[in-house]
J.: 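Please see the structure below; I have some questions.
For clarity, every value in this text was computed on a predicted model and none was experimentally measured. Chain naming here is simple, since letters A, B, ... match the order of the sequence lines and numbering starts at 1 in each.
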2 protein chains.
Amino acid sequence: MKNEFLENWHSQLRKGLLPLYVLHILDQKQCYGYELIQDIKAVFSVDVAEGTLYPLLIRLMKEELLTHQWVEQPSGIPRKYYAISAVGKSNLAEMKAYTNLIITKING
Amino acid sequence: MKNEFLENWHSQLRKGLLPLYVLHILDQKQCYGYELIQDIKAVFSVDVAEGTLYPLLIRLMKEELLTHQWVEQPSGIPRKYYAISAVGKSNLAEMKAYTNLIITKING
DNA sequence: AAAAATACATTGTTATACTATGTATTGTGT
DNA sequence: ACACAATACATAGTATAACAATGTATTTTT
């Protein structure tokens, strides 16, 4: 670890940004958990542990920001596909507006 | 509380953004703790509890991102003035670059 | 046949915001 | 004069969520 402070900071920042990443991606297409981990890495260059993402998805379900359905596969383990709900969409909009506002203030 | 999820999200996001706020403000002028609370509210419209800020300042001191000096006042309690260090400045630059990168990806 | 990748999930640890509380001084309203 | 708010520091306990470690099971690659 080169810079302990920065690494810790990234981890703390993730606590706020991860729900935003998940909602952002699910706003564009339905995904299953394992797929989300790869998409988040591809889009945001962020490595998310499974032990982080799965509890987060469960949490977002409880808050009713997401819905899900099991989809059987021709072969292999069934996939749990998640979709963003209407509540999720409105929250996502507020979250994006807020983060943009903050960043404007930091740059301005 | 209207939207419990959003309130919690703001709180989590703060964990990542608060060090950025503090370094950003101290990059422009030296401040004492109580003053920082007011400045953060004024600039970022964020209410920071004293029980949040003081431990954070102590942490940033330990990480050597800040320096401080006590300044006696003509009247009243002495103030502990904080200033950003060279390490603090370089970390701040990285933090700003990173947050901007993320926002670009969310908006793009 | 072994290892890696896919796909789900839980448990324990750690970091940090937040509430509550504490100390002490100064200013304001009545 | 006296209560209350504001100023200015600080710590203790609680709640939240990332992360590492671990577990189960199937499929693909070497």
Side-chain angles (χ1 to χ4, degrees), chain A residues 1 3-23 30-42 44 46-63 65-66 68-82, chain B residues 1 4-22 30-42 44 46-63 65-66 68-82:
Chain A
M1 47 194 137
N3 185 332
E4 207 175 321
F5 170 78
L6 266 184
E7 291 202 15
N8 202 358
W9 178 72
H10 280 289
S11 164
Q12 291 306 319
L13 192 62
R14 234 196 294 295
K15 292 194 188 190
L17 293 180
L18 256 188
L20 185 53
Y21 296 164
V22 169
L23 292 174
Q30 297 191 18
C31 284
Y32 55 99
Y34 199 84
E35 188 185 12
L36 267 169
I37 290 172
Q38 296 165 327
D39 279 26
I40 289 171
K41 180 163 180 60
F44 298 104
V46 168
D47 271 308
V48 190
E50 293 177 75
T52 300
L53 186 73
Y54 289 116
L56 170 58
L57 290 172
I58 291 167
R59 215 158 54 230
L60 292 175
M61 281 294 302
K62 247 182 229 151
E63 304 281 352
L65 305 187
L66 302 182
H68 73 78
Q69 57 181 15
W70 284 98
V71 177
E72 308 262 346
Q73 299 301 303
S75 82
I77 301 169
R79 293 169 176 170
K80 203 184 208 171
Y81 273 88
Y82 290 90
Chain B
M1 47 195 136
E4 208 174 322
F5 170 78
L6 267 183
E7 292 203 12
N8 198 4
W9 177 73
H10 280 289
S11 164
Q12 292 306 320
L13 193 63
R14 230 196 300 292
K15 292 194 187 188
L17 293 180
L18 214 43
L20 185 53
Y21 296 164
V22 168
Q30 297 191 18
C31 284
Y32 55 99
Y34 198 84
E35 189 185 11
L36 268 170
I37 291 173
Q38 296 165 327
D39 279 25
I40 290 171
K41 180 163 181 62
F44 298 104
V46 169
D47 271 308
V48 191
E50 293 177 74
T52 300
L53 187 72
Y54 289 117
L56 170 59
L57 290 171
I58 291 166
R59 218 182 319 136
L60 293 176
M61 280 294 303
K62 247 182 229 150
E63 305 281 352
L65 305 186
L66 303 182
H68 74 75
Q69 57 180 15
W70 283 99
V71 178
E72 307 262 345
Q73 300 301 303
S75 81
I77 301 169
R79 294 168 176 170
K80 206 184 208 173
Y81 273 88
Y82 290 90

J.: It should be established whether R79(B) places a side-chain nitrogen or oxygen under 4.0 Å from OP1 or OP2 of nucleotide dT25(C).
T.: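 For dT25(C), OP1/OP2 do not have a side-chain N/O of R79(B) under 4.0 Å.
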J.: Grab the CG-C1' distance between L17(A) and dC19(D) for me, whole Å please.
T.: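 About 16 Å, once rounded to whole Å.
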J.: Of P19(B) and I58(A), whose nearest nucleotide on DNA chain C comes first from the 5' end?
T.: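 Counting from the 5' end, the first nearest nucleotide belongs to I58(A).
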J.: Given the rule in the side chain to side chain contact (heavy atoms under 4.5 Å, CB included) test, do Q30(A) and Q69(A) qualify, once you have shown the distances and angles that lead to the verdict?
T.: CA-CA 10 Å; Q30(A) 297 191 18; Q69(A) 57 181 15; 4.2 Å; yes
J.: Would you tell me if any nitrogen or oxygen in the side chain of R59(B) comes within less than 4.0 Å of OP1 or OP2 on dA15(C)?
T.: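 Checking R59(B) against dA15(C): no side-chain N or O falls below 4.0 Å of OP1 or OP2.
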J.: Quick one: pull up OH in Y82(A) and CG in L23(A) and give me the separation to the nearest 0.5 Å.
T.: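 Y82(A) OH to L23(A) CG: 13.0 Å, rounded to 0.5 Å.
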J.: Among dA18(D), dA17(C), dA8(D), which nucleotide has an atom closest to any side-chain atom of Y32(B)?
T.: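 Among dA18(D), dA17(C), dA8(D), the one nearest the side chain of Y32(B) is dA8(D).
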J.: Starting the side chain at C-beta, find the nucleotide from dC19(D), dT16(D), dA9(C) nearest to Y82(A).
T.: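 In terms of side-chain proximity for Y82(A), the closest of dC19(D), dT16(D), dA9(C) is dA9(C).
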J.: So what does W70(A) touch, heavy atoms closer than 4.0 Å: a base, only the sugar-phosphate, or nothing?
T.: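 Sugar-phosphate, no base atom in range.
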J.: Counting any heavy atom closer than 4.0 Å, what does Q38(B) reach on the DNA or RNA strands: base, sugar-phosphate only, or nothing?
T.: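 Touches sugar-phosphate only.
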J.: Rounded to whole Å, how long is the line connecting atom CZ of R14(B) with atom C1' of dA18(D)?
T.: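 Atom CZ in R14(B) sits about 18 Å away from atom C1' in dA18(D).
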J.: Write down the distance between CD (E7(A)) and C1' (dA18(D)), rounded to a whole number of angstrom.
T.: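 About 14 Å, once rounded to whole Å.
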J.: Between N8(A) and dC19(D), is there a contact of a side-chain N or O with OP1 or OP2 at under 4.0 Å?
T.: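 So the side-chain polar atoms of N8(A) never come under 4.0 Å of the phosphate oxygens OP1 or OP2 of dC19(D).
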J.: If I take atom CG from residue D47(B) and atom CD1 from residue I37(B), how far apart are they, to the nearest 0.5 angstrom?
T.: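 If I round to the nearest 0.5 Å, the distance is 9.5 Å.
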J.: May I ask you to say what S11(B) touches in the nucleic acid, namely base, sugar-phosphate or nothing, with a heavy-atom cut-off under 4.0 Å?
T.: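 Sugar-phosphate contact only.
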J.: What's the shortest heavy-atom distance between G16(A) and W9(B), and which atoms?
T.: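 The pair with the smallest heavy-atom distance is O-NE1, 2.6 Å.
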J.: Distance check needed: dG12(C) P versus Y54(A) OH, whole Å only.
T.: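 About 21 Å, once rounded to whole Å.
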J.: Quickly work out the E72(A) CD to dC8(C) P distance and round it to whole Å.
T.: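 Distance check: E72(A) CD to dC8(C) P gives 13 Å.
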J.: Any donor and acceptor pair, going by atom type alone, linking the side chain of E72(A) with main-chain N or O of W70(A) inside 3.5 Å?
T.: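 Looks like no, no N/O pair under 3.5 Å.
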J.: With Y81(B), which residues qualify under ring-ring contact (aromatic ring centres under 6.0 Å, His included), at least two apart?
T.: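 Here the qualifying residues are Y32(B).
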J.: Would you tell me if any nitrogen or oxygen in the side chain of K15(A) comes within less than 4.0 Å of OP1 or OP2 on dA17(C)?
T.: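 False: K15(A) side-chain N/O out of range (4.0 Å or more) of dA17(C) OP1/OP2.
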J.: Assign G33(B) to base, sugar-phosphate, or nothing according to its heavy-atom contacts below 4.0 angstrom with the strands shown.
T.: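 Since only primed, P, OP1 and OP2 atoms lie under 4.0 Å of G33(B), the category is sugar-phosphate.
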J.: Polar pairs (N or O, both sides) under 3.5 Å between protein and nucleotides 23-28 of chain D?
T.:
from	atom 1	to	atom 2	distance (Å)
dT27(D)	OP1	G76(A)	N	3.0

J.: Which is it for V22(A) and L53(A) under the side chain to side chain contact (heavy atoms under 4.5 Å, CB included) test, yes or no, and what are the steps along the way?
T.: CA-CA 9 Å; V22(A) 169; L53(A) 186 73; 3.8 Å; yes
